[in-house]
Amino acid sequence: MDTFYQDPPRLPHPFTADAALRSLLANALPADILRDVEQDLERFGDRVAGEVAALGRAAEAEPPRLVSFDPWGRRADRIEVSEAWQRLQRISAEEGIVALAYERPHGPLSRIHQFAKVYLFHPSSAFYSCPLAMTDGAARVLELLGDAPALSDALARLTTRDPERFWTSGQWMTERSGGSDVGGTETVARFEDGRHHLYGTKWFTSASTSEAAMTLARIEDRKGRTVAGSRGLSLFYLETHDADGRLDRIEILRLKDKLGTRALPTAELTMHGTRAVLLGEPGSGVRDIAHLLNLTRVHNAICSVATMRRAVALAADYASRRRAFGRSLDAQPLHVETLAGLEVETRGCLHLAFHAAALVGRQECGTATEDDLAVLRMLVPLAKLYTGKSVVRVVSEALEAFGGAGYVEDTGLPGLLRDAQVFPIWEGTTNVLSLDVLRAIARQQALAPFLDAIGERLARVTASALYDAAARARQTVHELEDWLPRASDRGEAAVRGGARAFALALAR
Ligand code: MFK
C-alpha cells in the first residue's frame, strides 16, 4: 500500500486570483486608469510571489540583533538586520510603495493604486509594511507642516523611488508612561546652540533602523519649565544619524522580544540631546501627529485585510487538496459554510478599508466634500478597530481549517496568527479608537454624514436577494442614531462604557 503524503496548500497569484480586489478596482477606477493599475499589480504580484516572498522568509529566519558594545568596550548601539530586510527596503523604493501616493499619477485615485500595492506586498514582506506605513505618515506630515529649510531634503528622501536615496521614518511616540495616553510623555526638548535637542526614553520604536523619525516632546522654557499633559507636547522630526554616519546621541537600550513581527526591529532607546526640528506650533503635537496616525491606521486596516486574504486563500486552496471521510473538504457543506463566512468577512473588511483609502486620496487632492471629510474622520478609527479584531478571528479560524497542520511551525501558518495579534494593538487599541469615534462625533459632527452615507448605499440596493439584509441594516442605522442620545441621558460613563459596542456596530 502506498504511504499517504498530504499536498501542501499552494498560494494562488496574489493579484489575478483575488476576485474581490479586482472587482473593487473595476468599480473604483475608470477604464484607462484601471488598465494601467491592473498591469502594474499583475507584474508586482509576480514579484511578490517570487522575490519578495523569498526575502520575507529569509528576513524572518534572520531576525535583527542588537550589538551594544564593540569588542573593546566602547558603545556600538548597532542594530544588525539581515541582507533580506535591506533588500526589502530597496524593492519598496523601486516599486514606489510610498512614492505613488505623492507622485499622484491618477490624482485622488492614486491612493487606491498605492494601497493595492501595500495590500499585495504586506503578507509576503515580513512586515516591511510597518516602516512603509510610518514613512508614508511622516511624508504626509512633512507635506503639511515641513516648510523649514532644514527639511528640504527630507520629504524628497521619504518619497523617492531611488533605492540609493530612499529613507524610511519611524514614529516614536510610546513611552514607559503609556502608549495610549501620550499626555504622560517625559521627553523634553531644549533649545541649545540655536536648535532643539531631545532628551528622553522611548519605549516602543518600531523600524528602529530608520533614517528618520517623528516624535513628541515637551519644550522647556529658559528656566527648564514645561507645560504638563498633552497640551504641552510638540511634534519633532529628527534624523537618527549625523553626517559621519554615527547615531545622533541615541542609545539603544534593547530590542523587544515580541510575539510576532520578528523580522522587524522594535527598540527601547534613549535620546541624549538628539537634534530635532519642530513641526507645527508648540503645544499642538498631538493634533499634528494625528495626520500621521490617521494614515498609519489606514495602512493597519489594509494590512489586516491583506493578512485575512492570505489566510483564507491558503485555507480555500487546502480544502481542494485535503480529503476526509471519503471526500475533499471543499465538498463538505459545513467546511464550505465555514470558509464562506471567512470570505464574506474578508470582503466586507476589504471594502471598509479601501473606502477609507479612497477618501484619503480625495482629502489630499482637495476634491473631498465636507461630508467626505466627516465620513473619513469616522471611518479611519472604525476601519482600523474593526479589521484589527476581524483579522485575529479570521486567521484563527483559517488555521483551524488545516487541523493540526495549522498549529505546526514549519507550515508557516502559526506565524500568521502571531503577526495578526499586533493589528488590534499597534497605532491605537480597540478601546482607544472607539473613544476616538466619540471624539469625531463630538468635535466634527461626523455621525450624521456617516449614517447618511450608509443610507445612500442601502437605497441603491436593487438585488431582491439583498432586500431583507438591507432592511435589517436600515433598522440598525436607526438604532445607532438613537443610541447616543439615550446613552447620554444615562451619563458620561454610559456613553464611554458603550463606545466599543457602538463602534463595532457602526463598522459592521
Ligand atoms: C507593526 C508592528 C509594530 C510592533 C509592535 C508595536 C506595539 C505597539 C506599540 C505602541 O505603543 S503603538 C501605540 C501608538 N499610539 C497611538 O496610536 C496613540 C493612541 N492614543 C490616542 O490616539 C489618543 O486618543 C490620543 C493620544 C490622541 C489622546 O490624546 P489627548 O491629548 O487626550 O486627546 P485630545 O485632547 O482629545 O486631542 C488633542 C487634539 O488632537 C484635539 O484637537 P484640538 O486640540 O483641536 O481640540 C483632537 O481633536 C485631536 N485629535 C486626536 N486624535 C485625532 C485628532 N484629530 C484628528 N484625528 C485624530 N485621530
Side-chain angles (χ1 to χ4, degrees), residues 64 122 125-135 137 140-141 144 168 170-185 202-208 210 214-216 227-235 255-268 280-281 283-300 302-304 307 356 360 363 373-374 376-385 388 391 418-446 496 499:
H122 166 72
S125 75
F127 252 88
Y128 202 84
S129 47
C130 168
L132 298 183
M134 294 188 291
T135 302
R140 182 65 185 147
V141 169
L144 291 169
T168 59
Q171 174 265 98
W172 301 354
M173 207 161 63
T174 298
E175 298 200 358
R176 284 186 286 241
S177 52
S180 298
D181 182 5
V182 300
T185 295
K202 298 288 172 181
W203 183 239
F204 269 96
T205 63
S206 276
S208 321
S210 287
M214 293 282 173
T215 193
L216 294 175
V227 175
S230 63
R231 303 273 154 193
L233 293 174
S234 304
L235 176 60
L255 289 177
K256 298 285 194 191
D257 183 8
K258 295 170 290 176
L259 173 65
T261 67
R262 300 188 77 95
L264 167 74
T266 301
E268 295 165 24
E281 294 299 316
S284 72
V286 173
R287 194 170 51 240
D288 292 339
I289 207 167
H291 296 299
L292 180 154
L293 291 177
N294 286 338
L295 204 44
T296 51
R297 287 169 182 171
V298 177
H299 276 264
N300 196 304
I302 297 281
C303 294
S304 294
T307 306
V360 168
Q363 178 190 42
L373 295 176
L376 177 61
R377 180 67 187 87
M378 291 268 290
L379 200 54
V380 169
L382 287 176
K384 156 61 171 96
L385 75 88
V391 64
R418 275 200 301 277
D419 283 355
Q421 184 59 59
V422 83
F423 289 117
I425 296 173
W426 188 55
E427 301 304 74
T429 61
T430 312
N431 284 356
V432 161
L433 292 164
S434 301
L435 296 174
D436 190 48
V437 171
L438 296 183
R439 188 190 280 111
I441 293 172
R443 301 201 189 173
Q444 271 89 18
Q445 285 75 47
R496 294 173 84 83

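Counting convention: from 1, in listed order, for ligands and their atoms alike.
With respect to atom 12 (S) of ligand 1, the closest heavy atom belonging to the protein is E427 N, 3.5 Å. The nearest heavy-atom contact from the protein to atom 3 (C) of ligand 1 is W426 CD1, 3.4 Å. Here the heavy atom of the protein found nearest to atom 23 (C) of ligand 1 is S180 O, 3.7 Å. Here the heavy atom of the protein found nearest to atom 30 (P) of ligand 1 is S230 OG, 3.7 Å. Of the protein's heavy atoms, A290 CB, 3.7 Å lies nearest to atom 55 (N) of ligand 1. The nearest heavy-atom contact from the protein to atom 24 (O) of ligand 1 is R439 NH2, 3.1 Å.
Considering only non-hydrogen atoms, atom 53 (C) of ligand 1 lies nearest to R377 out of E175, R287, R377. The closest heavy-atom contact to atom 29 (O) of ligand 1, among the options L292, L433, V286, comes from V286.
Using a 4.0 Å cut-off between heavy atoms, R443 contacts ligand 1 through its side chain alone, with no backbone atom that close. If you look at R297 next to ligand 1, the close heavy atoms, those under 4.0 Å, all belong to the side chain. Of all the heavy atoms of L264, the ones lying under 4.0 Å from any atom of ligand 1 belong exclusively to the side chain.
The environment of R418 atom CZ is dense: over 12 non-hydrogen atoms of other residues, nucleotides or ligands sit within 6.0 angstrom.
At least one side-chain heavy atom of V437 sits under 4.5 Å from a side-chain heavy atom of M378. For the pair L264 and K258, the minimum side-chain heavy-atom distance is below 4.5 Å.
When every heavy atom of S304 is checked against every heavy atom of V391, the shortest pair comes out as O-CG2, 3.4 Å.
A cation-pi arrangement is found for K256 relative to W203, the charged atom lying closer than 6.0 Å to the ring centre and inside a 45° cone about the ring normal.
The N/O atoms of T266, backbone and side chain alike, include none that comes under 3.5 Å of an N/O atom in ligand 1. At least one N or O atom of R231 sits closer than 3.5 Å to an N or O atom of ligand 1. Ligand 1 has a nitrogen or oxygen under 3.5 angstrom from a nitrogen or oxygen of G179. For N294, a nitrogen or oxygen atom sits less than 3.5 Å from a nitrogen or oxygen atom of ligand 1, counting backbone and side chain alike. At under 3.5 Å, a nitrogen or oxygen of T174, whether backbone or side chain, sits near a nitrogen or oxygen of ligand 1. Between I425 and ligand 1, no pair of N/O atoms sits closer than 3.5 Å.
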Q: Begin with the C-alpha distance, continue with both residues' side-chain angles, and end with the deciding distance and a verdict on side-chain contact (heavy atoms from CB on, under 4.5 Å) for V380 and L376.
A: CA-CA 6 Å; V380 169; L376 177 61; 3.7 Å; yes

